[in-house]
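Numbers here are sequence positions counted from 1.
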Amino acid sequence: MKYFAWILGLISYVPFQSGAQVRSDTSRRVVIPLERAVDDRPAPYFSGQTNIFFSPVPEAAVDSVIMGKGWIRPELADVIDHAALQKVRVLRYATEGDTTRRYVLDTAGTLDFTKGILLNFERIGELMVAKVPLRIRAAGGQEVTVPLQVMYAGKYSYARIAEMRIGTAEIGNRKYAVRVQPRSRNHPFYTITGGTRFLIDFDADGVFSTGTSRLVNGRPVASEEAQPDAPFAVSGMWYDVESIDSLGSKLVLRPTTKTTAVAAGFKPPQFVALDLAGRTVTLSTHQRKPIRLEFWSTECPYSEAIRDSLNALYSNRNGQFAWIAMSRETDGATVGEFMRSKPRLAQVVLADTATWNRFNPSTVTPLFILLDPQGTIAYVTSGAGALPAIVAKLDELREVRSR
């Protein structure tokens, strides 16, 4: 068994409503007190669970690593490995005549595992999980204690910080649950610079939607993760994440007057690219009909996995929407040669660095952005499993257009 996570990059925040007016009240910040909560049920995706990698103790380090008598086949792995934090390592070893592998955590950074914490594991689902309170020190002297989980399943090992912060945002006479959590084990302190995930229950249904291609009762559901570097719409107003203190006790949202973003309800950034014939393509080329923007790569297996389905959908809809597909590659000959055997029925354009970075800075492939006939972003999704959500959103746009 192997868990892996797709970096989803830019995502949509609220279900799109045609003609909805979004305003920004720049006079009012939203201050959200946060409380600590423990999430001790590991899940393969969106829980901060990441791989740790064991390797034999190097010969050059054997004298520095202090082990108990009779420990054999020792292997080391970094659990906390961040330049701003004191390093935490785990040693895995066996003993003569016993096939059980044991794990010891060095929290002092001394490599003296005889004084470390012996981990005790219990089974949770398919995983063997050990839980231990871990005190982490930052380079500046700040300390925090977090519940750490070390896990393994077969030959794969993982670690995660098993806590979050929860609170309630009151916006526009409505209350929205908020969840903030470390993005990985190397981010125990809360920040708006990428190490923290911000989830807001935008539809107030009591469930945080973390996927980008889900259908609920046949309707596409947008992810409810708010990116700290992009605005989002809630209760008919625009906000972004202003700040969070390092211990996660208070989150502040601020109104914003931004009108462009890669998010539902916003106008898209500028899009300019050249097609394979060297012609300039912009979004205004396809006015008055929905547009499906795709960001793909000739080297991405997920882009290839969904290609036939995208072609079939475009053919069956008989021109009801435009399809612009920007390749990650910039060489027209390379893309043209690829498409001779693996055609895309889209208007294929080559990567323009500025355009790609505005729309897809995390280089997610395939990434899909649906625009309504008025040029407003209606939905953002990603991955080879995105087709059902794309179809459902196109159906919604067609229904709105026909009214």
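A cation-pi arrangement is found for R92 relative to F54, the charged atom lying closer than 6.0 Å to the ring centre and inside a 45° cone about the ring normal. By the 6.0 Å and 45° rule, R344 stacks over the aromatic ring of W296.
Within the 3.5 Å criterion, the main-chain N or O of T107 finds no donor-acceptor partner in the side chain of K87. D106 places no side-chain N or O within donor-acceptor distance of the main-chain N or O of F113, the cut-off being under 3.5 Å. Counting only distance, with no hydrogens or angles, the side chain of S362 and the backbone of V364 share no donor-acceptor pair below 3.5 Å.
Under the 4.0 Å criterion applied to side-chain N and carboxylate O atoms, E225 and R183 are assigned as salt-bridge partners. A salt bridge links R89 with D78: the distance from a Lys NZ or Arg NE/NH1/NH2 to an Asp or Glu carboxylate oxygen falls below 4.0 Å. Comment: R317 engages D395 in a salt bridge, judged by a side-chain N to carboxylate O separation of less than 4.0 angstrom. Contact check on R160 versus D39 returns a salt bridge, with a Lys/Arg side-chain nitrogen under 4.0 Å from an Asp/Glu carboxylate oxygen.
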Going through the distances and angles, do E299 and R328 end up as a salt bridge (Lys or Arg N to Asp or Glu O under 4.0 Å)? CA-CA 9 Å; E299 298 180 350; R328 183 71 183 91; over 6 Å; no

Steps toward salt bridge (Lys or Arg N to Asp or Glu O under 4.0 Å) verdict (D203, R219): CA-CA 13 Å; D203 57 9; R219 297 192 62 187; over 6 Å; no

The test is salt bridge (Lys or Arg N to Asp or Glu O under 4.0 Å); show your working for E163 and R36 and say whether it passes. CA-CA 7 Å; E163 74 166 23; R36 180 178 180 271; 2.9 Å; yes

Using side chain to side chain donor-acceptor pair (under 3.5 Å), reason through Y176 and S235 one step at a time and then give a plain yes or no. CA-CA 10 Å; Y176 300 88; S235 279; 2.5 Å; yes

Does the pair E329 and T334 meet the rule for a side chain to side chain donor-acceptor pair (under 3.5 Å), with working shown? CA-CA 8 Å; E329 293 68 32; T334 299; over 6 Å; no

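Shortest non-hydrogen contact noted between A378 and L397 is CB-CD2, 4.0 Å. Closest approach of S303 and S297 over heavy atoms only: OG-N, 3.6 Å. Closest approach of T168 and I32 over heavy atoms only: O-CG2, 3.5 Å. Scanning all heavy atoms of the two residues, the minimum distance from T193 to T191 falls at OG1-OG1, 2.7 Å. Here the shortest heavy-atom pairing between A389 and P220 reads O-CB, 3.9 Å. Residues Y158 and L127 come closest through the heavy atom pair CE1-CD2, 4.0 Å.
Under the 3.5 Å distance criterion, with hydrogens and angles disregarded, no donor-acceptor pair is assigned to the side chains of Q142 and R137. A donor and an acceptor atom, one from each side chain of T100 and D98, are located under 3.5 Å apart. A donor-acceptor contact closer than 3.5 angstrom is absent between the side chains of Q347 and W323. A donor-acceptor pair shorter than 3.5 Å cannot be found between the side chains of E224 and S209. No hydrogens or angles considered: a donor-acceptor pair under 3.5 Å links the side chains of R185 and T50. Under the 3.5 Å distance criterion, with hydrogens and angles disregarded, a donor-acceptor pair is assigned to the side chains of R135 and T145.
Between the CZ atom of R292 and the CG atom of L371 there is a distance of 12.5 Å, given to the nearest 0.5 Å. Here the CG-CD1 distance, from L134 to I117, works out to 7.0 Å after rounding to the nearest 0.5 Å. Atom CD1 of residue I200 and atom CZ of residue R179 lie 12.0 Å apart, to the nearest 0.5 angstrom. Once rounded to the nearest 0.5 Å, the distance linking CG of L367 with CZ of F359 reads 10.0 Å. Here the straight-line distance linking atom CG of N316 with atom CG of N311 works out to 10.5 Å at 0.5 Å rounding. Expressed to the nearest 0.5 Å, how far OH of Y239 lies from CD1 of I171 amounts to 5.0 Å.
Residues L118 and L105 fail the side-chain proximity criterion, which asks for heavy atoms closer than 4.5 Å.
For the salt bridge (Lys or Arg N to Asp or Glu O under 4.0 Å) test, no residue two or more places apart in sequence or in another chain qualifies with E96. Residues passing the side-chain hydrogen bond (donor to acceptor under 3.5 Å, both in side chains) test with S55, sequence neighbours excluded: none.
The environment of K250 atom NZ is sparse: at most 12 non-hydrogen atoms of other residues, nucleotides or ligands sit within 6.0 angstrom. Other residues, nucleotides and ligands contribute only 12 or fewer heavy atoms inside 6.0 Å of the CD atom of E59.
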